[in-house]
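Following: one structure in structure tokens, then a few remarks.
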Amino acid sequence: MARYWLLKSEPFKYSWDDLNAEGEGTWDGVRNHRAKNNLQAMEVGDQAFFYHSREGLEIVGICEVSEAGLTDPTDETGKWAAVKVVPKTKLPNPVTLKQIKAEPALEDCELVRQSRLSVAEIKPEEWSVIMSLAGVN
DNA sequence: GCCAACGTTGGC
DNA sequence: GCCAACGTTGGC
């Protein structure tokens, strides 16, 4: 069964629009062990929210893992992981961090608990809560 | 192996 | 731009 994730990016480095312009993006440059573990746990077909950090502070779209289990091409030691993603859906209503924090059902998600984690897991029930906030059925 | 100092991330 | 949270480094 597919799992759900949240991918964080600073929009002035790599935004949702950049991903759409490219059609497929490689998620690399992660240098955090917990985030790396999450990357390695991803499988092709898993869905992930695309979150804009520092600017925007909202979930703007949904992408899907198109290649999993890659080695980070930006790292010479070969120790870090990467995946490839393709954009799927732009959210009708972007879900802001403020909304997420105001929602009791989401207070335990990794995004809230560990705000500096760049790749976080989203539980299925949390996924559906966010989807309804986003106006997606 | 502990922990203080330092660097980085990210919300505000 | 500030600072809190977290990760990493390095002295002991």
Side-chain angles (χ1 to χ4, degrees):
Chain A
M1 176 182 139
R3 295 165 80 181
Y4 301 106
W5 309 95
L6 181 136
L7 297 172
K8 251 191 222 186
S9 183
E10 303 178 22
F12 46 88
K13 282 190 191 157
Y14 193 80
S15 70
W16 171 251
D17 288 339
D18 293 333
L19 177 62
N20 278 271
E22 285 186 17
E24 183 179 49
T26 304
W27 214 269
D28 55 24
V30 170
R31 295 292 181 271
N32 172 289
H33 288 283
R34 182 152 184 176
K36 185 198 76 168
N37 288 343
N38 284 338
L39 280 176
Q40 288 179 334
M42 288 185 193
E43 291 176 3
V44 173
D46 282 2
Q47 310 274 110
F49 287 127
F50 193 112
Y51 174 81
H52 279 168
S53 65
R54 311 251 350 200
E55 280 179 20
L57 305 184
E58 59 191 11
I59 297 170
V60 288
I62 298 166
C63 48
E64 185 176 305
V65 178
S66 55
E67 277 187 60
L70 304 175
T71 303
D72 189 337
T74 67
D75 165 48
E76 301 127 18
T77 70
K79 280 190 284 190
W80 297 98
V83 297
K84 286 192 182 184
V85 295
V86 292
K88 294 285 280 189
T89 312
K90 186 185 168 82
L91 297 186
N93 309 314
V95 180
T96 64
L97 184 64
K98 208 178 264 186
Q99 285 176 277
I100 292 168
K101 286 190 165 170
E103 177 53 61
L106 299 174
E107 67 183 4
D108 272 339
C109 68
E110 274 194 331
L111 174 67
V112 174
R113 283 212 328 274
Q114 197 176 340
S115 66
R116 287 181 51 192
L117 190 63
S118 56
V119 182
E121 181 170 13
I122 303 279
K123 293 179 202 133
E125 58 270 26
E126 292 165 351
W127 180 272
S128 54
V129 171
I130 295 171
M131 289 294 260
S132 57
L133 287 175
V136 181
N137 295 311

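Just so we're on the same page: letters track the sequence lines, and every chain starts at 1.
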### Message
Between C1' on B:dT9 and CD on A:Glu10, what's the gap in Å once rounded to a whole number?
### Response
8 Å

### Task
Would you kindly give the CG-to-P distance between A:Leu111 and B:dT9, to the nearest whole Å?
17 Å

### Task
Rounded off to whole Å, could you give me the CZ-to-P distance for the A:Arg116 and C:dA5 pair?
11 Å

### Task
May I ask you to say what A:Lys101 touches in the nucleic acid, namely base, sugar-phosphate or nothing, with a heavy-atom cut-off under 4.0 Å?
sugar-phosphate

### Task
Flag the pair A:Arg31 / A:Asp75 as yes when at least one side-chain heavy-atom distance between them is below 4.5 Å, and no otherwise.
yes

### Query
In terms of side-chain heavy atoms of A:Gln114, which of B:dG11, B:dG10, C:dG7 is nearest?
C:dG7

### Query
Is any side-chain heavy atom of A:Asp72 less than 4.5 Å from a side-chain heavy atom of A:Val30?
no

### Task
Mind calculating the distance between CZ (A:Arg34) and P (C:dG7) to the nearest angstrom?
9 Å

#### Entry: Residues that A:Lys79 engages under salt bridge (charged side-chain N to carboxylate O under 4.0 Å, His left out), provided they are two or more places apart
none

### Query
Just how far, in rounded Å, is C1' of C:dT8 from NE2 of A:His33?
9 Å

### Query
What is the distance from OH of A:Tyr14 to P of B:dG10, rounded to the nearest Å?
17 Å

### Task
Answer whether the closest heavy-atom distance between the side chains of A:Leu97 and A:Tyr51 falls below 4.5 Å.
yes

### Task
To the nearest Å, give me how far apart NZ (A:Lys79) and P (C:dT8) are.
11 Å

### Task
Go through residues 48-63 of chain A and report each residue with a non-hydrogen atom lying under 4.0 Å from DNA chain C, sorted by number.
none

### Query
Going hydrophobic residue to hydrophobic residue with side-chain gaps under 4.5 angstrom, can you get from A:Val60 over to A:Leu57?
no

### Query
Roughly, in whole Å, what's the span from NZ in A:Lys8 to P in C:dA5?
15 Å

### Message
Please tell me whether A:Trp5 and A:Ile130 are part of a single hydrophobic cluster in this structure, the criterion being side-chain heavy atoms less than 4.5 Å apart.
### Response
no

